[in-house]
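Have a look at the structure below, then the notes.
As the structure is a prediction and not an experimental result, all values here were calculated from the model.
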Amino acid sequence: MIDVQQGSIPTTWRAADGSAVTFTEARSAWTRAAHEVLADTATRFNNFIVNTELAELVQEESGIRTQVKWQHWLPVVLDRVAEHCHKNNEPPLSALCVRRNQTVGTGYRYILELAGLPIPDDLEMHAAAARWQCYQHYATDLPADGGLPTLPPKVAAVRQRTSQDLATTEAAEAVEAKHTATSRRSVTIPKPEPLRKPVCLNCHVELPANKICYYC
């Protein structure tokens, strides 16, 4: 362990000797390390890695650490990995990095921009297909049929709940509509009773407007 006084550690440094490293140099080293970590992640079918875990592994593998929060440098490193993969005709490894809720978020859009592709309506499913390409290239445990693009468990669970909630709502609305229609059909509107004109008390003949009976 390096014995240094509090405050003497630079913002970004080599873990081996504590020497300062420029952020540009660190970013290049982190990009190489991230590519290796992501490629290793892709060796297991349907595997992925959370951004916080990737940030830690990248620093560990590169031997370069920083006090700067990962949110400020990891997205740039992932963009560099995406550029490297695109330039070298490799599958988009950065699609394997997800957030804590297992979604790729808007950062995935850069992969599409590099490929000149439009932003799809379902970004998560597109990212699942991109990860599937990575498994086809790197995975050592592919299913016999090659498998299919698969959403991460948390994303799939949210969509299933949403679908179930929608189905429940639609079913309830259908029952309510049927009940309303049945109620409307069962309501009987009473017909107004015809007005009874006055009759003669003696002969029971209907009286004219002047109420004078001409038969009695």
Take Arg159 and Glu124, measure what side chain to side chain contact (heavy atoms under 4.5 Å, CB included) needs, and give me the verdict at the end. CA-CA 11 Å; Arg159 294 198 175 194; Glu124 298 303 325; 3.5 Å; yes
Steps toward side chain to side chain contact (heavy atoms under 4.5 Å, CB included) verdict (Asn101, Val158): CA-CA 10 Å; Asn101 64 0; Val158 168; over 6 Å; no
Trp30 and Phe23: ring-ring contact (aromatic ring centres under 6.0 Å, His included), yes or no, with the steps? CA-CA 10 Å; Trp30 290 335; Phe23 215 70; 5.5 Å; yes
Under the side chain to side chain contact (heavy atoms under 4.5 Å, CB included) criterion, do Val21 and Thr66 qualify, and how do the steps go? CA-CA 9 Å; Val21 178; Thr66 184; over 6 Å; no
Show your reasoning for whether side chain to side chain contact (heavy atoms under 4.5 Å, CB included) applies to Glu60 and Arg65. CA-CA 8 Å; Glu60 184 178 326; Arg65 294 200 162 270; 4.1 Å; yes
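Interatomic distance, OG1 of Thr52 versus CZ of Arg99, reported as 12.5 Å (0.5 Å rounding). Residue Arg80 holds its CZ atom at 13.5 Å from SG of Cys85, rounded to the nearest 0.5 Å. Taking CG from Leu112 and CG from Leu123, the interatomic distance works out to 6.5 Å, rounded to the nearest 0.5 Å. Note that CG of Leu148 is 6.5 Å distant from OG1 of Thr150, once rounded to the nearest 0.5 Å. Rounding to the nearest 0.5 Å places CG of Asn47 at 5.5 Å from OG1 of Thr41.
Two residues are said to be in side-chain contact when any heavy atoms from C-beta on lie closer than 4.5 Å; Arg109 and His126 fail this criterion. Glu113 has its side chain out of reach of His86: every pair of non-hydrogen atoms, C-beta onward, lies at least 4.5 Å apart. Proximity of Ser19 to Trp13: side-chain heavy atoms (C-beta onward) are nowhere separated by under 4.5 Å. Side-chain atoms of Phe48 and Cys97, non-hydrogen and from C-beta on, never get closer than 4.5 Å to each other. Between Thr12 and Thr22, every side-chain heavy-atom pair lies at or beyond the 4.5 Å cut-off.
More than 12 heavy atoms of other shown residues, nucleotides or ligands fall within 6.0 angstrom of atom CG in Asn88.
At a cut-off of 3.5 Å, with distance as the only test, a side-chain donor of Glu83 or Tyr110 sits close to an acceptor on the other residue.
Taken together through direct or relayed side-chain contacts under 4.5 Å among Ile, Leu, Val, Met, Phe, Trp and Tyr, Leu117 and Leu114 form parts of separate hydrophobic clusters. Linking ILVMFWY side-chain heavy atoms closer than 4.5 Å, directly or via other members, places Trp70 and Ile64 in a single hydrophobic cluster. Clustering ILVMFWY residues whenever any of their side-chain heavy atoms sit less than 4.5 angstrom apart, transitively, puts Val50 in a cluster other than the one holding Leu93. Leu74 and Val104 are members of different hydrophobic clusters when ILVMFWY side chains are connected at heavy-atom separations under 4.5 Å. When hydrophobic clusters are built by joining Ile, Leu, Val, Met, Phe, Trp and Tyr residues whose side-chain heavy atoms come closer than 4.5 Å, directly or via intermediates, Trp132 is not grouped with Met125.
Here side-chain hydrogen bond (donor to acceptor under 3.5 Å, both in side chains) pairs that include residues 135-149, with residues two or more places apart or in two chains, number zero.
Between His84 and Glu90, the shortest heavy-atom contact is NE2-OE2, 3.6 Å. A pairwise comparison of heavy atoms in Thr103 and Val155 identifies CG2-CG2, 3.7 Å as the closest pair. Taking every heavy atom of both residues into account, Tyr108 and Ala130 meet most closely at OH-CB, 3.3 Å. Residues Ser62 and Val58 approach most closely at OG-O, 2.8 Å, considering heavy atoms. Residue Ala82 comes nearest to Ile111 through the heavy atom pair CB-CG1, 4.1 Å, listed as atom of the first residue, atom of the second, then distance. Gly146 and Phe45 get closest at one heavy-atom pair: O-CE1, 4.0 Å.
When atom types are taken as modelled, the side chain of Trp73 and the backbone of Val68 share a donor-acceptor pair closer than 3.5 angstrom. Under a 3.5 Å cut-off, the side chain of Arg131 and the backbone N or O of Ala95 do form a donor-acceptor pair. Of the possible polar contacts, one joining the Ser28 side chain to the Thr24 backbone as a donor-acceptor pair under 3.5 Å is found. The closest donor-acceptor contact from the side chain of Gln59 to the backbone of Ala55 lies under 3.5 Å.
Using a 4.0 Å cut-off between charged side-chain N and carboxylate O, Asp79 and Arg27 make no salt bridge. In summary, Arg100 and Glu53 do not engage in a salt bridge, as defined by a charged side-chain N under 4.0 Å from a carboxylate O.
Val81 pairs in a side-chain contact (heavy atoms from CB on, under 4.5 Å) with only one of the listed residues (Leu38, Val37, Val76, Leu96), which is Leu38.
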